[in-house]
Amino acid sequence: LDKDPITHAGGPGQLRISLEYEATRAVRYRHSLTCLVLRVHNFDAIVAASGEGTGHGLVVQLANGLRIAIRAIDHLFRSDTDEFTLLLPETDASEARVVIDRLRGQVADGSLVGPAIEPSPELGLGQASIVPEGPITDGERLWQAAREGILPLA
């Protein structure tokens, strides 16, 4: 299975497989499934200003913070250079607020991004859910909806 070599989170290939599996399960068994996408909007500027090592350090720190915020049954993937995806099985949008609130707490106390980085990381978070009788019924649409709905995480 493809793992991101820097963060040891699942890679894009593993994300695709898990998205389809979890979406199919959610629809079949009438469970909720929430997808969260966390993006560092200015990742390229951070790497340009502070170097690749700082970029690597940032994504490792983010992956660790995301792991702390989720349950054992949840999934963490590095879906792009500057992006992570979380899959939260049997979790609707209101239940996902627990994870989002944990992430906001980590942003507030500085633990999500770690030591001071210049420029300061600009984080965005998107969210979408599969719910019984809802409009989203497949993993790809779920992921795209979460990515399209990214707002500043503060």
**Asked** Under the 3.5 angstrom rule, does the side chain of E20 hit a backbone N or O of D138 as a donor-acceptor pair?
**Response** no

**Message:** Quiz question: by atom type and distance under 3.5 Å, do the side chains of E83 and S79 form a donor-acceptor pair?
**Reply:** yes

**Message:** Same cluster or not: V40 versus L86, using hydrophobic residues (I, L, V, M, F, W, Y) connected whenever any side-chain heavy atoms lie under 4.5 Å apart?
**Reply:** yes

**Item:** Point-to-point distance, once rounded to the nearest 0.5 Å, from OG1 of T81 to CG of D44
**Value:** 7.5 Å

**Request:** Determine yes or no for a side-chain-to-main-chain donor-acceptor pair under 3.5 angstrom, with R71 supplying the side chain and P89 the backbone.
**Result:** yes

**Message:** Between E140 and R16, does any NZ, NE, NH1 or NH2 come within less than 4.0 Å of an OD or OE carboxylate oxygen?
**Reply:** yes

**Asked** Can you tell me if R39 uses its side chain to pair, donor with acceptor, with the backbone of G126 under 3.5 Å?
**Response** no

**Asked** Are there more than 12 heavy atoms of other residues, nucleotides or ligands under 6.0 Å from atom CG of D101?
**Response** yes

**Asked** For the side chain of D4 and the backbone of A9, is there at least one donor-acceptor N/O pair under 3.5 Å apart?
**Response** no

**Prompt:** Is there a donor-acceptor pair closer than 3.5 Å between any side-chain N or O of D82 and the backbone N or O of F43?
**Reply:** no

**Prompt:** Atom CD1 of I68 and atom CD of Q106: how far apart are they, to the nearest 0.5 Å?
**Reply:** 5.5 Å

**Prompt:** Does T91 offer a backbone N or O that forms a donor-acceptor pair with the side chain of T34 under 3.5 Å?
**Reply:** yes

**Prompt:** Same cluster or not: are L66 and V98 linked, directly or through other Ile, Leu, Val, Met, Phe, Trp or Tyr residues, by side-chain heavy atoms under 4.5 angstrom apart?
**Reply:** no

**Prompt:** So, the side chain of D92 versus the backbone of S32: is there a donor-acceptor pair under 3.5 Å, distance only?
**Reply:** no

**Item:** Gap separating the CG atom of L88 from the NE2 atom of H75, nearest 0.5 angstrom
**Value:** 9.0 Å

**Prompt:** Hey, what do you get for CD1 (I100) to CZ (R97), rounding to the nearest 0.5 Å?
**Reply:** 5.0 Å

**Charged N-O contact under 4.0 Å between E90 and R25** = yes

**Message:** Quick check: closest heavy atoms across D80 and R147, and the distance to 0.1 Å?
**Reply:** OD2-NH2, 4.2 Å

**Complete:** Rounding to 0.5 Å, atoms OG1 (T85) and CG (L76) come to a distance of 9.0 Å

**Prompt:** Measuring from L58:CG to I117:CD1, what's the distance to the nearest 0.5 Å?
**Reply:** 4.5 Å

**Prompt:** Going hydrophobic residue to hydrophobic residue with side-chain gaps under 4.5 angstrom, can you get from L125 over to V113?
**Reply:** yes

**Message:** Membership question, hydrophobic clusters at under 4.5 Å side-chain separation (ILVMFWY): are V107 and I46 in the same one?
**Reply:** yes

